[in-house]
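Following: one structure in structure tokens, then a few remarks.
The shown structure was predicted, so the numbers you read here are calculated from the model rather than taken from an experiment. A note on names: the letters A, B, ... follow the listed sequences, proteins ahead of strands, and every chain is numbered from 1.
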Amino acid sequence: MWAYTLRRLLALIPTLVFASLIVFATVRMIPGDVIDMMLSQNDTSAGQKDREQLEQALGLDQPVYIQYFRWLGGVARGDFGHSLWQNTPVLDQILARLPITFELGLLAIIIGLVIAVPIGVLSALRQDTTGDYLMRSLSILMLAVPSFWVGTMVMVFPSIWWGWAPALVYVPFTQDPLANLGHMLTPALILGMSLSAITMRMMRTMMLEVLRQDYIRTAWAKGLNERTIVVRHALRNALIPVITLIGIQAPLVIGGAVIIEQIFVIPGMGLLLLDAVGQRDYPVIAGVFLVVGVAVMLINLIVDLSYGLFDPKVRYR
Amino acid sequence: MHSPVLEVKNLAVEFGSGAGRVRAVDDVSFDVRPGETLAIVGESGSGKSVTALSLLRLVPTPPGRICAGEILFHGEDLLKASEASIRSIRGNRIAMIFQEPMSSLNPALTVGLQIAEPLQLHGKLTWAKAFERARELLGKVRIPDAARRVNAHPHQFSGGMRQRAMIAMALACKPNLIIADEPTTALDVTVQAQILSLLKNLTKETNAALILITHDLGVVARYADRVCVMYAGRVVESGSAQDIYANPQHPYTLGLMASIPRLDQEAGQRLTPIDGQPPDLAALPKGCAFEPRCRFAMARCRRERPALESQGGRHYRACFADVSC
Ligand SMILES: Nc1ncnc2c1ncn2[C@@H]1O[C@H](COP(=O)(O)OP(=O)(O)OP(=O)(O)O)[C@@H](O)[C@H]1O
Ligand code: SF4
Ligand SMILES: [Mg+2]
């Protein structure tokens, strides 16, 4: 299994190089120029000379491909460059915010599973009953309603109706875990609900599939009751493909976090990215994308490794 | 003579509804006594598996539905039993072995756990004791190195070993009746004989009754005491193995006999012994279902459906013609 893991990790490198190339190129295609923005902020009468000086100072006078190789070389040494605006190392900024987004994403995935698994199972067991239809309609609804809309509604209406609004002051987990969770819970719930829609349908389909298998008939023939059959014999087998889904959903979680962090003022990667895009802070944007890419690939690796826990047939070679 | 362990009377099972409704099992009656082996034979689609499943009320509902009959187990009608009491019989007093050893064991659980399960459930053993018993049972069905194999998963077993494990599971609670639905069809020939002998010997030890469903008349000759021949969901002939082999009285049985594999044939192949198509359950003729394929058919066969009648003793057949030659 270690050899397998190592091989998978090595295989990430070419993918990442390729991804970084695309990221680096597209970031420069965002309309608007950082130099213009910096100059217009300080001095409206800035001349051509100032512009050239600034470009040189920031290393933006070089051809783009040289900039890319410089940057890539830096990344290989663990140096993601400096923010164009704050002059702080990009990596420090990212590392400060990564745990926050990680917490949000993890909470969302857990909430998603906690909602989806029982409902999916129940829906399968009571196939084609009113309850099943209700739960399936609910899942379509959750899929169709964008989380930014739900987020905005949650911000606006409770405060109008009950004078209650979700907390918007971020408190680090290490400082006050309860206040932190209180702040994170609403956004995580919104993200988790949108994730649970697909998971729920997948869970239902897989459960129906598993319940038709011969070994379930064997379990009935032994005299087991429905609960034992579902929990002991069906659930494990039905969960295997659902676990895969978590890996596939990882980019969705991160995409959702970008928006939700903005609404709930959570200083995570999403907010960092939005600010950086707004300021055309190229190294930060590229760094965030790269880290997100690595994270998605690692999550998928972990998911693949976790199959072994559920499916005894899996051998890592 | 002992009273029957199981007595089935006029069982009928339907699938589907409305225009697509078919009667997969129609007016089937038979009984088995302790220590006896009853073989149910018939070609594919004749309703053997559905009959077997209905005995434990395992017919998938919907689309299936047991619509008539009685299934008397030691005199108690299982069709009227509560859900809880049928569960306490399943795997405990009546056990079932299925055709597909590859898919009948749960891939996610160890073989030992799956054998221990009925013991823990019905035998009220602790899990530790049940596992201990599972190990003994694996030895009993001659799985080498049982102590280690008890912790293996089904995919580490060959087809034959899985079917042995299924037998161990079925025998765990010393049932009074074992239903084996084509237990060896999916296995190769040498393994088939081993598995059937094992099953036969182990049931003899506990004096359990065995219902053995099969396509293979060679198997019937070697292992069965009594035989039920099914055609299109009905029993067309039943009697002792002796009756059926020495004195077959139904044209369909005669056809089956003529098709017993010879030595030069590839063993284990599924035979379509008799000319003509197997019947379409959705469009059965009004009279005898075998009429389109029958050598002895006459005008009456098209109008009337023959009832199962005694030929003397416990030898029954459903046919109008005189087939003795
Ligand atoms: N799940 C089901 N849904 C609908 N019809 C079914 C179902 N199971 C069985 N049937 C009907 O019952 C008939 C008899 O099926 P059964 O499985 O009992 O045949 P069999 O004698 O066991 O055949 P085989 O030798 O192929 O196992 C089938 O032809 C089919 O019409
Ligand atoms: S009743 Fe008639 S058609 Fe049916 S088996 Fe006998 S002879 Fe053949
Ligand atoms: Mg069958």
Side-chain angles (χ1 to χ4, degrees), chain A residues 1 117 121 123-133 202-203 206-244 303-317, chain B residues 49 52-53 55-62 83-111 113-123 151-156 162 165-166 169-170 172-173 175 178-181 186:
Chain A
M1 191 174 129
V117 171
V121 169
S123 218
L125 291 180
R126 306 285 170 259
Q127 189 191 2
D128 297 332
T129 59
T130 322
D132 180 25
Y133 284 121
M202 178 87 157
M203 191 71 227
M206 289 327 300
M207 199 67 194
L208 283 175
E209 180 61 30
V210 167
L211 288 174
R212 283 197 284 111
Q213 299 295 310
D214 289 338
Y215 55 81
I216 296 298
R217 191 181 58 189
T218 308
W220 281 110
K222 281 182 193 175
L224 296 171
N225 60 26
E226 188 178 33
R227 204 178 54 86
T228 313
I229 288 173
V230 168
V231 174
R232 195 186 292 158
H233 285 263
L235 203 54
R236 256 173 88 116
N237 289 294
L239 272 175
I240 296 169
V242 174
I243 300 285
T244 323
V303 165
D304 286 354
L305 290 174
S306 73
Y307 286 159
L309 295 178
F310 291 89
D311 186 350
K313 272 181 288 195
V314 172
R315 287 273 170 282
Y316 299 102
R317 254 177 277 114
Chain B
S49 297
L53 288 173
L55 301 184
L56 278 177
R57 294 212 331 230
L58 290 173
V59 173
T61 310
E83 198 53 43
S85 73
I86 190 95
R87 274 208 309 269
S88 73
I89 288 173
R90 286 178 189 153
N92 185 21
R93 304 183 62 199
I94 304 180
M96 195 147 179
I97 299 167
F98 296 99
Q99 177 175 350
E100 306 81 8
M102 291 305 177
S103 55
S104 293
L105 288 167
N106 191 326
L109 304 175
T110 64
V111 173
L113 177 100
Q114 297 185 62
I115 298 173
E117 230 174 359
L119 290 160
Q120 187 267 344
L121 177 71
H122 303 295
N151 294 318
H153 283 91
H155 72 274
Q156 294 161 304
R162 288 185 212 188
M166 283 294 289
M169 197 187 296
C173 295
I178 296 165
I179 304 163
D181 187 357

**Message:** If we ignore hydrogens and angles and just use 3.5 Å, is the side chain of B:Gln114 paired with the main-chain N or O of B:Val111 as donor and acceptor?
**Reply:** no
**Prompt:** So how far is it from A:Trp220 CH2 to A:Glu226 CD, rounded to the nearest 0.5 Å?
**Reply:** 5.0 Å
**Asked** If you count heavy-atom pairs under 4.5 Å with chain A, which of B:Leu105, B:Ile86, B:Ile89, B:Leu56 comes out on top?
**Response** B:Leu105
**Complete:** Closest non-hydrogen contact found for A:Ala221 with B:Leu58 is CB-CD1, 3.7 Å
**Side chain / backbone / both / neither for A:Ile216 at chain B, heavy atoms under 4.5 Å** = neither
**Request:** Taking all non-hydrogen atoms of both residues into account, name the closest pair between B:Ile115 and B:Leu119 and its distance.
**Result:** O-CD1, 3.9 Å
**Message:** Can you tell me which portion of B:Ala95 sits under 4.5 Å from chain A's heavy atoms? Options are side chain, backbone, both or neither.
**Reply:** neither
**Item:** Heavy-atom pair with the smallest gap, counting every atom of B:Ile178 and B:Pro175
**Value:** CG1-CG, 3.7 Å
**Message:** What part of B:Ser88 gets within 4.5 angstrom of chain A, counting heavy atoms only: side chain, backbone, both, or neither?
**Reply:** neither
**Asked** Out of B:Ser104, B:Pro60, B:Pro118, which one racks up the most heavy-atom pairs below 4.5 Å with chain A?
**Response** B:Ser104
**Request:** Mind listing the closest non-hydrogen atom pair of A:Tyr215 and A:Val210 along with its distance?
**Result:** OH-CG1, 3.6 Å
**Item:** Best-contacting candidate, B:Met169, B:Met166, B:Met96, against chain A by heavy atom pairs under 4.5 angstrom
**Value:** B:Met169
**Request:** With a 4.5 angstrom heavy-atom cut-off, could you sort out which part of B:Leu53 is near chain A: side chain, backbone, both or neither?
**Result:** side chain
**Message:** Counting only non-hydrogen atoms closer than 4.5 Å, can you tell me which residues of residues 228-237 of chain A sit against chain B?
**Reply:** A:Arg232, A:His233, A:Arg236, A:Asn237
**Prompt:** Do you know the tightest heavy-atom contact between B:Arg162 and B:Met102?
**Reply:** NH1-O, 3.0 Å
**Message:** So, using salt bridge (Lys or Arg N to Asp or Glu O under 4.0 Å) as the criterion, who are the partners of A:Arg212 when residues are at least two apart?
**Reply:** A:Glu209
**Prompt:** For A:Arg126 and A:Asp132, which heavy atoms make the closest approach, and how far apart are they?
**Reply:** O-CB, 3.2 Å
